[in-house]
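First up is the structure itself, then whatever we jot down about it.
As a basis for the values below, the full set of heavy atoms in this structure was taken, side chains included, without hydrogen atoms, waters or symmetry mates.
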Amino acid sequence: MAHILVKDDGDTVRITMNRPSRRNSLSHEHLAELLAAFEEAGRSAATGIVLAGEGPVFSAGHDFADVAARDLTGVRELLRLCTHLMNTIQAVPQVVIARVHGLATAAGCQLVASCDLAVAAESAGFALPGGKGGWFCHTPAVPVARSIGRKRLMELVLTGDVVDAATALEWGLVNRVVPDDRLDQAVDHLLVRATRGSRASKALGKQTIYAQLDRPEADAYAIALEVMASASQLPGAREGMAAFLEKRPPVWPD
């Protein structure tokens, strides 16, 4: 692939954006490669996916050279592809962690918010800069809003200012902030903790969480109740309960 690097060690697929000269900006071709990589990883036996960026920044968002060359239909197609990628990140059965260094702005910040978990280096910064420019960050704001809440979102989108990693942690956009030289260690440590247990149970759990988020409480309970009842019959659930009752370590079937 021209714009990304993919490394698969069996348990973990590492997808690295590799357009450092363009600050990992998201052209149509780059988005298509990311989508294909996530779809392939989703079909694999891996338990975790790490999304990273090569070069000085994580991702600067949409590639304006690509956007500027498109008419309305073309931009709509580009944004639909981007939305498909974000939805796929949340739909794959694996745990997805963003490994963030440098800036993650606009659609780059959207990527971080769309991942299940995020670990940031102290050098990281986050922004939805359209508010101080000419093209407002409408779609990037969608997953960010669901991570940080209304007032903090409005500060990000209206000012367009960069917030540092410590602020992103306080606001709930990332899970951890660590020194840059400990970023890989922290990502791997969180991934190990987040992928233990039954793979099938965790995949169903992840997908159900996203299905019930932002729904009215009664609807959320209706969804969660039926899935949880059905999930009690999975081999992993049966093994987990048996191991607990028999006071032994579980032997996961998946």
Are Glu155 and Arg150 close enough for a salt bridge, meaning some N to O gap below 4.0 Å?
no
So that I can tick it off, tell me whether Arg14 and Asp188 are bridged by a salt bridge, with the cut-off set at under 4.0 angstrom between side-chain N and carboxylate O.
yes
Cluster link [X] to [Y], ILVMFWY, side chain under 4.5 Å:
{"X": "Ile209", "Y": "Phe38", "value": "no"}
{"X": "Leu103", "Y": "Leu111", "value": "no"}
{"X": "Val57", "Y": "Val112", "value": "no"}

Joining Ile, Leu, Val, Met, Phe, Trp and Tyr whenever any side-chain heavy atoms lie under 4.5 Å apart, the cluster holding Val50 also takes in Val95, Ile97, Leu117, Val119, Val178, Leu183, Val187, Leu190, Leu191
Determine yes or no for a side-chain-to-main-chain donor-acceptor pair under 3.5 angstrom, with [X] supplying the side chain and [Y] the backbone.
{"X": "Asn24", "Y": "Arg19", "result": "yes"}
{"X": "His3", "Y": "Ser25", "result": "no"}
{"X": "Ser59", "Y": "Ala104", "result": "no"}
{"X": "Ser232", "Y": "Ala229", "result": "yes"}
{"X": "Arg196", "Y": "Arg193", "result": "yes"}
{"X": "Lys202", "Y": "Ala194", "result": "yes"}
{"X": "Gln207", "Y": "Ala91", "result": "yes"}
{"X": "Gln94", "Y": "Ala46", "result": "yes"}
{"X": "Glu54", "Y": "Thr16", "result": "no"}
{"X": "Asn18", "Y": "Leu5", "result": "no"}

With Asp8 via salt bridge (charged side-chain N to carboxylate O under 4.0 Å, His left out) - residues at least two apart
none
Looking only at side-chain N and O atoms, does Asp116 offer a donor or acceptor that is under 3.5 Å from a partner on Tyr210?
yes
Exercise: do Ser198 and Asp254 side chains pair donor with acceptor under 3.5 Å
yes
Got more than 12 heavy atoms from elsewhere within 6.0 Å of CZ, Phe64?
no
Show me the donor-acceptor pairs, under 3.5 Å and distance only, between side chains in residues 121-143 and residues at least two apart or in other chains.
from: Ser123; atom 1: OG; to: Gly102; atom 2: N; distance (Å): 3.4
from: Ser123; atom 1: OG; to: Asp180; atom 2: OD2; distance (Å): 2.7

